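Take a look at the structure below.
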Amino acid sequence: MSTHTPQPSRPQPPLTDAPAPAPAPAPAPERDSVRFEPLNVLSLDMLLPVEQQAYSHPWSRGNFIDAMAAGNEAQLLVDARGELVGYFVAMIVLDEVHLLNITVAPSRQRQGWARILLDALALWARQRKAQWIWLEVRESNVRARSIYAAHGYQEVGLRKNYYPMHDGPREHAVLMSLKLWP
């Protein structure tokens with residue numbers, strides 16, 4: 001008497017010439033498990049290390065506290081684990097919003113989070129009936145400039161010697177704007 005272990009059945013090819021169904025698209029990275037929350041003094045301990053990693057001349061704790069005290073909009077984008085993905089700080093004056101700081105954590109860059117932050121900023125600005133969003137970006141920051149341009153921002157001017165540099169001379173800022181309403 002012999003013992004027979006059945007082999008698992010192998011998938012059979014389709015009986016028709018119809019193409020196989022396309023594989024399901026990969027899910028967007030963690031898009032469903034993030035949330036916006038307002039910046040507060042307690043969350044600065046989580047934010048400041050990201051700010052320091054992201055910039056050669058980061059904002060200080062005092063800069064963020066002053067921005068909050070002035071009533072500026074400051075939002076954090078946080079994932080399901082409570083880790084900081086990014087943030088923005090903006091102020092509104094009459095019908096214009098000025099983006100003061102926008103940052104994606106260096107470990108989360110090149111994953112589409114800047115677009116989500118910019119969309120949230122535009123939504124907030126539209127809810128306040130703003131007509132424009134304005135920002136400055138280092139002339140050398142080609143990647144950020146291209147992200148802003150892809151989001152509809154136009155380069156409209158240059159602020160000479162705007163940003164500090166480590167080696168003495170200052171760097172120009174490119175002034176960009178986005179028209180929110182026709």
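Note that the structure is a prediction, hence the values are computed from the model and not measured.
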message = If you count every heavy atom of other residues, nucleotides or ligands that lies below 6.0 Å from Lys129 atom NZ, does the total exceed 12?
response = no
inquiry  = Counting only heavy atoms not in Gln154 (residues, nucleotides, ligands), do more than 12 fall under 6.0 Å from its CD?
reply    = no
Is [Y] reachable from [X] through a run of hydrophobic residues whose side-chain heavy atoms are each under 4.5 Å from the next?
| X | Y | value |
| --- | --- | --- |
| Leu121 | Leu117 | yes |
| Met165 | Tyr163 | no |
| Leu123 | Val97 | no |
| Leu158 | Val137 | yes |
| Val89 | Val93 | yes |

Does the side chain of [X] reach to within under 4.5 Å of the side chain of [Y], using non-hydrogen atoms?
| X | Y | result |
| --- | --- | --- |
| Arg126 | Trp181 | yes |
| Trp134 | Val156 | yes |
| Trp113 | Val34 | yes |
| Met91 | Glu73 | no |
| Leu44 | Ile65 | yes |
| Glu136 | Leu99 | no |
| Glu96 | Gln131 | no |
| Tyr148 | Leu178 | no |

Side-chain donor/acceptor of [X] to backbone N/O of [Y], under 3.5 Å:
| X | Y | result |
| --- | --- | --- |
| Tyr87 | Asn101 | no |
| Glu171 | Ser140 | yes |
| Trp132 | Asp95 | no |
| Gln109 | Val104 | yes |
| His172 | Asn161 | yes |

Interatomic spacing from [atom1] in [X] to [atom2] in [Y] - rounded to 0.5 Å:
| X | Y | atom1 | atom2 | answer |
| --- | --- | --- | --- | --- |
| Leu135 | Phe88 | CG | CZ | 13.0 Å |
| Ser177 | Glu155 | OG | CD | 10.5 Å |
| Leu175 | Arg159 | CG | CZ | 4.5 Å |
| Ile102 | Ile147 | CD1 | CD1 | 9.0 Å |

Return the minimal non-hydrogen interatomic distance between [X] and [Y], and the atom names on each side.
| X | Y | result |
| --- | --- | --- |
| Glu83 | Met46 | C-SD, 4.5 Å |
| Leu84 | Leu47 | CD2-CA, 3.7 Å |
| Ala125 | Leu180 | CB-CD1, 3.6 Å |
| Pro49 | Asp45 | CD-O, 3.2 Å |
| Ala120 | Phe36 | CB-CZ, 3.4 Å |
| Ser43 | Asn40 | OG-O, 2.8 Å |

request  = Before accepting this row, confirm whether a basic side-chain N of the pair Arg61/Asp66 lies closer than 4.0 Å to the acidic partner's carboxylate O.
outcome  =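 Between Asp66 and Arg61 there is no salt bridge, as every charged N stays at least 4.0 Å from the carboxylate O atoms.
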inquiry  = Check this for me, if you would: do Asp79 and Arg108 make a salt bridge, where the nitrogen-to-carboxylate-oxygen distance has to be below 4.0 angstrom?
reply    =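 Answer for the salt bridge query: yes.
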query = Hey, mind stepping through Arg138 and Ser56 against side chain to side chain contact (heavy atoms under 4.5 Å, CB included) and telling me if it holds?
reply = CA-CA 11 Å; Arg138 284 183 182 270; Ser56 62; 3.8 Å; yes
message = Leu100 vs Asn72, test: side chain to side chain contact (heavy atoms under 4.5 Å, CB included). Steps then yes/no.
response = CA-CA 9 Å; Leu100 302 173; Asn72 296 323; 3.7 Å; yes
